[in-house]
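Just so we're on the same page: letters track the sequence lines, and every chain starts at 1.
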Amino acid sequence: MIKTYLSNLLKEALEKLKIDNYTLNLDYPKNLENGDLSTNIAMTLAKPLKKSPKQIAQDIIDNLHYDKSLISKIEIAGNGFINFTFSAVFYHKLLEQIANYGQNFGKQEIGKDKKVIVEYVSANPTGLLHLGHGRNAIIGDTLANLYEWLGYDVTREYYFNNAGNQMRNLAKSIYARYRQILDNPNYPFPEDGYFGDYIIQIAKDFIAKNGDKVIEATDENLKVFQKFGEEWNFIGIKNTLNRLNVNQSSYFNENSLYEDGKIKALLEELHQKDLTYEKDGAIWLKLTKLGLEDDRVAVKTTGEPTYRLPDIAYHREKFLRGFDEIVDIFGADHIATVPDVLATVKALGFDTKKVKVVIHQFVTLTENGQQVKMSKRSGKSYTLDELIDEVGADVVRFFLLMRGVNTHLEFDLNLAKEQSDKNPVFYLQYAYARISSILQKVKEQEISISNSIDFSKLQEKVELDLIKKISDFPKIIYDACEKNEPHILSDYLKELSTIFHNFYHHCRIIGESEGIFVARLKLAQITQITIKNGLDILGISSPEKM
RNA sequence: GCGCCGGUAGCUCAGUUGGAUAGAGCAUCAGCCUUCUAAGCUGAGGGUCGUGGGUUCAAAUCCCGCCCGGCGUACCA
């Protein structure tokens, strides 16, 4: 909000000087002596204008028409930075504006009339979710929330693969356990099967329902096991997601692409565009023709498509469904498919600029400095559910959000279990609870609050710092969404909480004179709304008491 | 071999798209509760930004080489 105000002024001045080819940067100086806001515009213009930065800076200032009651100081510093210092009056007006937004502070209309689809989790129903899926789920869910706050119409979608090899593997694994339990303890378990104990549980549940009537290992019977396993796992997955406050309303399954003939149609279209050929009994995609390194197999010699084909068909569907933006959340292990899919979809005539692919790196779980292994197939998996049982959904969400998506995330189980000030989640929630506590006390004591609020009573430095920080909130939401980086928001909330705790220690509310009391109370309320809105977006609860 | 991501304080990580004296949390040390919740606040120490070059008024940030770690490079998804 502050930046917008100042950049408009600067644009006017530059227009007067007939300078039109520039990029305007406004930064918050690290050093307080350098004002509230700073621009390097004069330095970047030095070369094209062939003038000294200081001269240009002076020219700009001379042409700047501003309200002296709002900006208290403008100076040229260093090699040509222009530093602006705002007056208390400016912040008071800012706070008035923010107060008018009420509960909706932070909501925007940038995405009005635009449809976005965010695809996340998308784990195949071959087992329960683990920590890696968790990161995917939380990033996707939070981005979806951010889009909603920007005014987009958001579809939250889960794509799952219920055809193909992995699912047959699941069926065979369940079947083997089934036989082991029923009639043959030595029945061979498939080498690349799913070794987790949950498979045994699925087999037991299966027996309870169906008994021994599907004892023959026919293809038809295996399908029965597959269906049963798929549903069993899916119920578990949905349940886990629910516990994490992740709610997807749209499910897209791979099978439907076959059933509706979409795969066949796609192959046909690719063939017509001369993007496929046959070799060694398989059908290949001519990806080299589209500028990629190697051609890849689209249909195996078995007649079954590789994952690529349905992936392409699915993305084609997303375009046809009319979304303005398409967001995919993938783990780093899926990175190989991205160029193939995008290049092919583009060749089919779609604008792939609409697609944003968010690749997140892996998560490692550590306990007492030791890494805890989490492999689904080996069976020694630490499931997301177990983690939620141990530390709670708020902590899981926050820990999975608080790093940039591009860095490996170390989930420290000891720190997460810590129910104390060491745990960063509580720091934010505590700020919220503290404000609740004050508001509660005001209510209990039936202190009369006058309706007229005079923000000019707020003159302490912490008070102005707090207002300044609060005013950044809408921009933070925008940035976090634009850059696909939820941690921008969690970092911001930490900083906001710090300033609030600071304010809390320096400034009393209850017991101050009427004018100050009312102004500070309102400031605290607005802080609370900001924290609440931020936590809502992160999908974390805001406790009234701690 | 090739491709993608990362290497910043003892540990985990930020770093506003090239800006001013590189930051935070945890850990360590020293202080602050008869006052709205001490799950808080104040202060101190701690750095060859992996490494070698280059680009310019200015590089943790951009370009090139090298080293280390993760992932990928399937007719698995």
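- Scanning for side-chain hydrogen bond (donor to acceptor under 3.5 Å, both in side chains) contacts around A:T288 gives A:D295, with sequence neighbours left out.
- Every residue was checked against the ring-ring contact (aromatic ring centres under 6.0 Å, His included) condition with A:Y307, not counting sequence neighbours, and none meets it.
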Hey, mind stepping through A:D394 and A:S541 against side-chain hydrogen bond (donor to acceptor under 3.5 Å, both in side chains) and telling me if it holds?
-> CA-CA 7 Å; A:D394 282 344; A:S541 68; 2.5 Å; yes

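- Look at CG on A:L292: it is 19 Å from P on B:C2, rounded to the nearest Å.
- Separating the C1' atom of B:G52 from that of B:A9 is a span of 24 Å, rounded to the nearest Å.
- As rounded to the nearest Å, B:G15 and B:G7 have C1' atoms that lie 15 Å from one another.
- At a cut-off of 3.5 angstrom, the base of B:U16 holds no donor-acceptor pair with the side chain of A:D27.
- Evaluation of atom-type donor-acceptor distances gives a pair under 3.5 Å for the side chain of A:N40 against the base of B:G19.
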Any protein N or O atoms within reach of nucleotides 3-6 of chain B? Criterion: under 3.5 Å, listing atom names and distances.
from : atom 1 : to     : atom 2 : distance (Å)
B:C5 : O2'    : A:N406 : O      : 2.7

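- Residue whose closest nucleotide on RNA chain B sits further toward the 5' end, between A:V299 and A:A336: A:A336.
- Within 4.0 Å (heavy atoms only), A:M43 reaches at least one base atom of the nucleic acid.
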List the atom pairs, donor and acceptor, that lie under 3.5 Å between side-chain atoms in residues 402-413 of chain A and the rest of the protein, sequence neighbours left out.
from   : atom 1 : to     : atom 2 : distance (Å)
A:T407 : OG1    : A:G404 : O      : 3.1
A:D412 : OD1    : A:N414 : N      : 2.9
A:D412 : OD1    : A:L415 : N      : 3.2

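- No side-chain donor-acceptor contact under 3.5 Å links A:E75 and A:N83.
- The residue A:A332 sits close only to the backbone: its heavy atoms come under 4.0 Å of sugar-phosphate atoms, none of a base.
- When the C1' atom of B:A74 is taken as reference, atom CG of A:L309 falls 16 Å away, rounded to whole Å.
- In this structure, B:C33 is classed as syn because its glycosidic torsion stays within 90° of zero.
- Shown are A:F500, A:Y504, A:Y432; of these, the side chain to side chain contact (heavy atoms under 4.5 Å, CB included) with A:T527 is made only by A:F500.
- Among the protein residues, A:D412 comes within range of no part of the nucleic acid, since none of its heavy atoms lies under 4.0 Å from any strand.
- A:S38 comes within 4.0 angstrom of a nucleotide base, judged by non-hydrogen atoms across all strands.
- Nucleotides of RNA chain B nearest to A:C507 and A:R296 differ in position, and the one nearer the 5' end is that of A:C507.
- Between A:R434 and the phosphate of B:A39, there is no side-chain N or O to OP1/OP2 separation shorter than 4.0 Å.
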Go through the steps for A:K318 and A:F252 under the test side chain to side chain contact (heavy atoms under 4.5 Å, CB included), then give the verdict.
-> CA-CA 10 Å; A:K318 287 186 186 175; A:F252 195 103; over 6 Å; no

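- Taking 4.0 Å as the cut-off between side-chain N and carboxylate O, A:R508 and A:E512 do not count as a salt-bridged pair.
- We find that A:K475 and A:E482 are not joined by a salt bridge, their nearest charged nitrogen and carboxylate oxygen being 4.0 Å or further apart.
- Near RNA chain B, meaning a heavy atom under 4.0 Å from it, residues 461-473 of chain A has no residue at all.
- Rounded to an integer number of Å, the gap from A:D340 CG to B:A74 P is 10 Å.
- If you check B:A39, B:U16, B:C36 against the side chain of A:K3, the one that comes closest is B:U16.
- A parallel orientation is assigned to the rings of A:F330 and A:H334, their planes being inclined by less than 30° (bins at 30° and 60°).
- Here B:A14 presents its P atom at 14 Å from CD of A:E495, a figure rounded to the nearest Å.
- Two rings, from A:F426 and A:F398, have their centers 6.0 Å or more apart.
- The residue A:A524 sits apart from the nucleic acid: no heavy atom pair falls under 4.0 Å.
- No contact: A:N414 has no heavy atom under 4.0 Å from any strand.
- Among the heavy atoms of the strands lying under 4.0 Å from A:N165 are primed sugar atoms or P, OP1, OP2 only; no base atom is included.
- Separating the P atom of B:G1 from that of B:G19 is a span of 35 Å, rounded to the nearest Å.
- Atom CD of A:E512 is separated from atom P of B:C36 by 13 Å (rounded to the nearest Å).
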Scan nucleotides 22-26 of chain B against the protein and return all N/O pairs shorter than 3.5 Å with their distances rounded to 0.1 Å.
none

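- Partners of A:H505 by side chain to side chain contact (heavy atoms under 4.5 Å, CB included), not counting sequence neighbours, listed by chain and number: A:R434.
- Using a 4.0 Å heavy-atom cutoff across all strands shown, A:Y427 reaches sugar-phosphate atoms only and no base atom.
- Residue A:E304 contributes atom CD, which lies 18 Å from atom P of B:A74 at whole-angstrom precision.
- In terms of the ring-ring contact (aromatic ring centres under 6.0 Å, His included) criterion, residue partners of A:Y159 (sequence neighbours excluded) are, by chain and number, A:Y314.
- Contact annotation for A:H334: base contact, defined as any heavy-atom pair under 4.0 Å involving a base atom.
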Intra- and inter-strand pairing of RNA chain B, written as dot-bracket with Watson-Crick and G-U pairs under 3.5 Å and | for the latter, reads (((((((..((((.....[...)))).(((((.......))))).....(((((..]....))))))))))))....

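- Partner of A:E463 under the side chain to side chain donor-acceptor pair (under 3.5 Å) criterion, chosen from A:K468, A:R520, A:K457: A:R520.
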Please list, pair by pair, any protein nitrogen or oxygen found under 3.5 Å from a nitrogen or oxygen in nucleotides 28-32 of chain B.
none

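- Backbone-only engagement by A:D491 is indicated by non-hydrogen atom pairs under 4.0 Å involving sugar-phosphate atoms exclusively.
- Considering only side-chain N and O atoms, A:K300 lies under 4.0 angstrom from the phosphate OP1 or OP2 of B:C76.
- Contact record, A:I76 with A:A57: CD1-CB, 3.7 Å, taken as the closest heavy-atom pair.
- One P atom belongs to B:A77, the other to B:C2, and the distance between them is 28 Å to the nearest Å.
- Annotation: side-chain hydrogen bond (donor to acceptor under 3.5 Å, both in side chains) contacts of A:K3 (sequence neighbours excluded): none.
- In this structure, A:T301 reaches the bases: a heavy-atom distance under 4.0 Å links it to at least one base atom across the strands shown.
- The residue A:L26 sits apart from the nucleic acid: no heavy atom pair falls under 4.0 Å.
- When heavy atoms are screened at a 4.0 angstrom cut-off, A:G281 is found touching no nucleic acid atom at all.
- In this structure, B:U48 is classed as anti because its glycosidic torsion departs from zero by more than 90°.
- Side-chain contact between A:Y258 and A:P310 is present, with at least one heavy-atom pair separated by less than 4.5 Å.
- The ring-ring contact (aromatic ring centres under 6.0 Å, His included) check on A:F86 picks up A:F90, with sequence neighbours excluded.
- With respect to the salt-bridge test (charged N to carboxylate O, under 4.0 angstrom), the residues A:D465 and A:K461 qualify.
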